[in-house]
Amino acid sequence: MIARVIVDVSTAAIDRPFDYRVPEHLEPFLQPGIRVHVPFGPRKVQGFVVGLADKSDLDMNKLKPIESVIDLEPVLTAEMLKLAEWLKDDTLCFYNDALQIMIPAALRATYSKIIQIRQPELVSDAFRRHLSKDNEVDFTVLEKENLISELKRHLDTSTAVIENRIRQKAKPKLQTVFEVIQPNAALSGNAKKQMAVLEWIQRTGKERFTLAELQQEVSVTAAVVEALVDKEILQKTRQEVYREIELLADTSVDKIVELTPTQQSVLQQIEQAQDELKSDVFLLHGITGSGKTEIYLQAIEHALSQGKEAIMLVPEIALTPQMVTRFKMRFGDQVAVLHSGLSIGEKYDEWRKIHRQEVRVVVGARSAIFAPFVNVGLIILDEEHESSYKQEDSPRYHAREVAKWRAAFAKCPVILGSATPSIESYARAKKGVYTLLELPSRANAKELPPVDLIDMREQLKGGNRSMFSIELIDAIRDRLQKKEQVVLFLNKRGFSSFVLCRDCGSTVQCPNCDISLTYHRMGEALRCHYCGYEEQVPTQCPHCESEHIRFFGTGTQKVEEEITRLFPEARTLRMDVDTTRTKGAHERILHHFGNHQADILLGTQMIAKGLDFPNVTLVGVLNADTSLHLADFRAAEKTFQLITQVSGRAGRHEKAGHVIVQTYDPEHYALTCSQTHDYVGFYTQEMQVRKVYQYPPFYYLTHIQISHQDVLTTSEYAARVADWLRVRLSHTTAVIGPTASAISRIQDRYRYQCMIKYKQEPKLTETLHQLLKLARTDWEKQGVRISIDLHPSTIV
DNA sequence: AGCACGCCGACT
DNA sequence: GTCGGCGTGCTC
């Protein structure tokens with residue numbers, strides 16, 4: 001038997017299956033989708049079995065045997081193996097990366113080179129200091145300590161041996177459980193505590209229990225239980241448990257809401273597709289509060305009643321604990337939750353629940369689209385326009401495209417839901433590629449809140465130089481008096497605080513990247529957002545040595561100070577990357593705000609979606625247009641979506657809401673349309689712009705980035721790429737560039753880019769494959785790197 | 001990507 | 001002579 005294995009090495013030259021002989025004793029365990037350990041060159045690596053065969057193209061005696069199997073059950077289903085093949089071709093990524101993305105990080109291997117010293121008395125004192133009690137040391141430690149030459153001597157004399165170890169990142173969590181062997185054992189009279197334990201066992205009839213369980217009811221220490229173990233009355237065992245995930249635990253049961261006639265007809269169309277096993281794509285366009293979630297829930301229930309499973313994707317679930325709570329309430333322990341806020345171990349546990357078919361619904365962020373269900377009956381992408389559905393590094397996949405692939409495979413429908421659908425999706429719905437479903441009114445018949453656009457230029461003319469308009473200040477004061485709550489949104493997209501010298505006008509730049517360092521109040525540090533470089537805020541300008549150097553720009557911290565100055569009595573909560581770094585911080589902040597322990601919630605992007613607090617009656621957008629003038633063809637779309645979404649946070653319940661948007665460009669259609677909640681109006685105007693400038697959905701884009709340590713080499717190769725493509729692609733296709741990227745240097749590498757704009761280019765992926773092959777065989781040696789993004793979501 | 005092999009200059 | 005620098009090529 002031959003196994004075809006994709007080894008865990010992501011390089012062009014290795015990017016194909018390798019054949020291995022299956023030793024007879026392993027034959028029963030071998031099946032596609034399991035992981036194995038195999039010898040590869042002089043080392044040992046992990047790999048995925050992607051196929052079995054009787055014979056190989058290579059000589060049998062050239063094949064090495066599989067060393068061992070890691071899994072008894074496949075970690076990848078047959079569907080996932082097929083999906084990986086499609087994914088690698090569609091996104092031009094390595095086969096190995098396509099497979100790795102489908103399993104939880106916990107199952108990804110980490111490799112370490114361990115040096116074992118056979119005769120510790122023969123090594124130097126400096127060397128011996130680093131040895132563990134087993135006389136082992138990690139190779140990287142020796143490298144750091146300059147002990148490599150000594151190591152070489154020990155290797156030559158066999159004083160030391162090298163062992164390559166493959167480890168998993170996380171393991172199933174184990175819990176100590178005490179098993180009752182002799183429930184009626186006799187104890188001596190003075191063993192009162194032990195007696196109490198036995199009594200508890202007899203009373204409750206427990207056969208096995210944990211120490212924590214016991215201690216809740218009986219006040220004993222571990223020593224007492226250990227004594228019972230010594231007497232062989234109890235036995236200690238280890239048992240696998242799932243890591244508990246904290247929720248805003250509301251255990252009450254969600255009541256099924258009565259649907260409006262419109263909702264009813266929408267749901268009916270979806271259910272019909274489910275019943276007829278059609279892989280239709282529905283675009284559910286419903287304004288905030290129109291009850292999309294209830295439709296999702298009922299459609300999922302329908303899938304479950306068909307005996308199938310459902311995948312529900314949300315942009316970043318850690319931000320919307322309310323959504324998770326609602327799903328948990330409706331489907332109880334049938335739900336697994338996957339999002340970036342979980343630890344590697346927690347994600348692994350949730351994944352295993354899916355893999356073992358213990359749950360039937362998964363709610364999760366982008367990568368949850370790879371949930372290893374075997375009988376999918378429905379896939380939902382909520383807020384389908386969100387850019388977080390596109391992975392920005394290899395494999396550069398879009399969850400929406402993967403969803404459509406899986407739906408076609410499983411013969412089930414996909415629901416794309418949004419109040420502000422992406423222009424592309426809405427255009428497809430208009431063309432009839434997707435089925436458009438509309439929910440034009442709010443389920444509770446509440447009016448959408450009025451939106452006021454405040455022209456900040458007028459404020460400036462009137463002498464108001466602060467970042468708060470008079471109107472916004474008055475409105476906030478009014479809400480504070482009424483004991484209502486305020487959400488303030490600071491649009492930070494493409495915007496940050498940096499240190500500026502007021503004499504020479506220079507900013508402090510990152511030494512590795514061509515970008516200004518961002519000022520962080522915490523620790524008075526300057527940090528690079530791209531490479532993580534950090535330094536202290538200088539007291540003098542590095543250029544002209546002036547002392548007039550200070551931070552500039554508007555961060556949430558600065559806004560917070562301003563609020564405190566204007567409204568000293570208000571309690572303010574700030575929610576941004578700095579305050580939400582620790583685990584569970586999101587939930588805590590939102591929980592506080594929900595309990596009205598604060599009057600004002602100030603935040604960035606992360607407060608834009610999903611929040612639903614009845615007492616919020618005012619939403620302020622401090623700077624609507626920072627995202628409007630980005631060098632990105634989606635800038636207007638992003639701004640419209642953002643403003644519309646933020647507006648939706650106000651007045652969702654009994655109390656009427658009000659939205660104030662501050663801008664320097666109040667005539668822009670992205671703002672005027674969001675003021676009137678006019679999606680179709682915005683769509684129509686934006687489509688005209690896209691048509692004129694030949695952008696999606698009229699044209700497709702492919703972005704190619706070339707990088708190298710040397711500027712000239714970079715531009716030279718970028719030009720070569722562009723020329724190479726121009727010769728090969730059809731004449732209706734435009735190859736734009738090369739140009740230096742907006743951030744022309746990141747991590748000490750210069751970056752140039754080309755853009756391909758095309759309407760029809762059937763051979764595009766094939767051509768790009770050839771380009772990659774050429775680049776990877778000939779150019780990579782010179783240190784030239786190339787990356788291709790088909791359908792980029794942002795252009796930076 | 002790692003790792004071995006091999007060729008060349010520098011040094012005990 | 002031998003050590004160690006890195007260019008080249010291979011991995012079932």
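Numbered from 1 within each chain, the chains take letters A, B, ... in sequence-line order.
A donor-acceptor contact under 3.5 angstrom links the side chains of A/Asp8 and A/Gln100, judged on distance only.
Within a 6.0 Å radius of CZ in A/Phe139, more than 12 heavy atoms belonging to other residues, nucleotides or ligands are found. A/Arg118 CZ: 12 or fewer foreign heavy atoms inside a 6.0 Å radius.
Between A/Lys44 and B/dG2, a side-chain N or O to OP1/OP2 separation shorter than 4.0 Å is absent.
Distance, A/Gln46 CD to B/dA1 C1': 15 Å, rounded to whole Å. We find that CZ of A/Phe139 is positioned 11 Å from C1' of B/dC3, with the value rounded to whole Å. At whole-Å resolution of the value, CG in A/Leu155 and C1' in B/dA4 are 14 Å apart.
Scanning both residues, A/Lys390 and A/Arg366, for their nearest heavy atoms gives O-NH1, 3.4 Å.
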Annotated protein contacts, base or backbone, on nucleotides 1-12 of chain C with a non-hydrogen cut-off under 4.0 Å, one of B, S, - each: ---S------BB
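A/His154 and A/Phe127 have their aromatic ring centers within a separation under 6.0 angstrom.
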With a 3.5 Å cut-off and sequence neighbours excluded, list the donor-acceptor pairs that the side chains of residues 46-57 of chain A form with protein atoms.
| from | atom 1 | to | atom 2 | distance (Å) |
| --- | --- | --- | --- | --- |
| A/Ser56 | OG | A/Asp19 | OD2 | 2.6 |
| A/Ser56 | OG | A/Leu58 | N | 3.0 |

